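Bear in mind the structure is a predicted one, so any value in this text is a computation, not a measurement. The first residue of the sequence shown is numbered 1, and numbering continues consecutively from there.
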Amino acid sequence: MDKLFRRVRVSVSVSALITLAVGLGLTALLFASVRKVESHTRALEFQQAAKLRSNAVAGGLADAVEQLTVLNQLFRSVDPVSREQFRSFTAPLLQRYPEIQALSFQRLVRHQDRAAFERAMRRRFPDFQINELADGRLRRAGVRDSYNVVDYLEPPAGNVAAFGLDTAVAREQGEARERSRAGGGRSRPGRSFFSRQ
């Protein structure tokens, strides 16, 4: 009888171990499949959210480029555009697109016209001079054949460092400007960074 109980105990223990092993195996298999489904679901959600944000940014940029094209048309159709016209024309654009820090009109000034241009600008802005950005600091622009000067700037508040700035010293911007002038349209320069003051 003792042997019979031992066999039953061994048989129950083996059955329990087999049941435990099968249960653990099924649990691990279920865990892996649920984890895979969850990972896939999260990846899809991330891709959808990224695509929505990407489309929103692309749409915003396309709208901003369209508005800049409209601004360019102002300068093509009205000659000359006054500072006040520029301000009143850009105000709704800046209000509609708060992500745009500033809009500017850059005037091409030949070296021989520099002194007269600075004198004329000082009538309205007493401290005006053509500046350049060197080593992260503004200084009076050096002597060059021509200057591409930020003349109209909206809004001026927070962007005064850019007023009077000669952007021709930045090679990328100069090349983009030349492409734009040659083609009569717009051309994308590199990014410019100005500290807000």
Item checked: Sub-4.5 Å side-chain heavy-atom contact between Leu133 and Leu138 -> yes
Applying side chain to side chain contact (heavy atoms under 4.5 Å, CB included) to Leu24 and not counting sequence neighbours gives Leu20
Ser82 meets the side-chain hydrogen bond (donor to acceptor under 3.5 Å, both in side chains) criterion, sequence neighbours left out, with Gln85
- Task: Could you tell me whether Gln112 atom CD has more than 12 heavy atoms of other residues or ligands within 6.0 Å of it?
- Result: yes
Residue set satisfying side chain to side chain contact (heavy atoms under 4.5 Å, CB included) with Ser88, at least two apart, ordered chain then number -> none
Is there side-chain contact between Phe89 and Val70, with at least one heavy-atom pair below 4.5 Å?
yes
**OP:** Decide if atom CZ of Arg110 counts as having more than 12 heavy atoms of other residues, nucleotides or ligands within a radius under 6.0 Å.
**Re:** no
Here the ring-ring contact (aromatic ring centres under 6.0 Å, His included) pairs for residues 140-159, sequence neighbours left out, are Phe86-Tyr152, Phe105-Tyr152
So the salt bridge (charged side-chain N to carboxylate O under 4.0 Å, His left out) pairs with at least one residue in residues 134-150 (sequence neighbours excluded) are Glu118-Arg140, Glu132-Arg139, Glu132-Arg144, Arg144-Asp166
Distance col, row Gln95:CD vs Leu93:CG, nearest 0.5 angstrom, shows 10.0 Å
So side chain to side chain donor-acceptor pair (under 3.5 Å) across residues 42-61, not counting sequence neighbours, yields none
Between Ala102 and Pro155, the two heavy atoms sitting closest are CA-CD, 4.1 Å
Show me, pair by pair, the donor-acceptor contacts under 3.5 angstrom made by side chains of residues 31-39, not counting sequence neighbours?
unit_1: Ser33; atom_1: OG; unit_2: Leu29; atom_2: O; d: 3.3
unit_1: Ser33; atom_1: OG; unit_2: Leu30; atom_2: O; d: 3.0
unit_1: Ser39; atom_1: OG; unit_2: Arg35; atom_2: O; d: 3.0

Q) Can you find a heavy atom in the side chain of Val149 that is under 4.5 Å from one in the side chain of Leu165? A) no
By side-chain hydrogen bond (donor to acceptor under 3.5 Å, both in side chains), Asp151 pairs with (sequence neighbours left out) Arg83, Arg107
Between Ser146 and Ala168, the two heavy atoms sitting closest are O-CB, 4.4 Å
Sorted by chain and number, sequence neighbours left out, ring pair (Phe, Tyr, Trp, His ring centres under 6.0 Å) with Phe163 holds for Phe125, Phe128
With sequence neighbours left out, the residues meeting side-chain hydrogen bond (donor to acceptor under 3.5 Å, both in side chains) with Glu84 are Arg124
| query | Would you find a donor on one side and an acceptor on the other, under 3.5 Å apart, between the side chain of Asp113 and the backbone of Val109? | reply | no
In this structure, CG of Leu153 is separated from CD of Gln101 (nearest 0.5 Å) by 9.0 Å
Would you say Thr167's side chain and Asn148's backbone share a donor-acceptor pair under 3.5 angstrom? yes
Less than 4.5 Å apart, side chain to side chain, heavy atoms only: is that true for Gln129 and Asn131? yes
Applying side-chain hydrogen bond (donor to acceptor under 3.5 Å, both in side chains) to Arg87 and not counting sequence neighbours gives Glu154
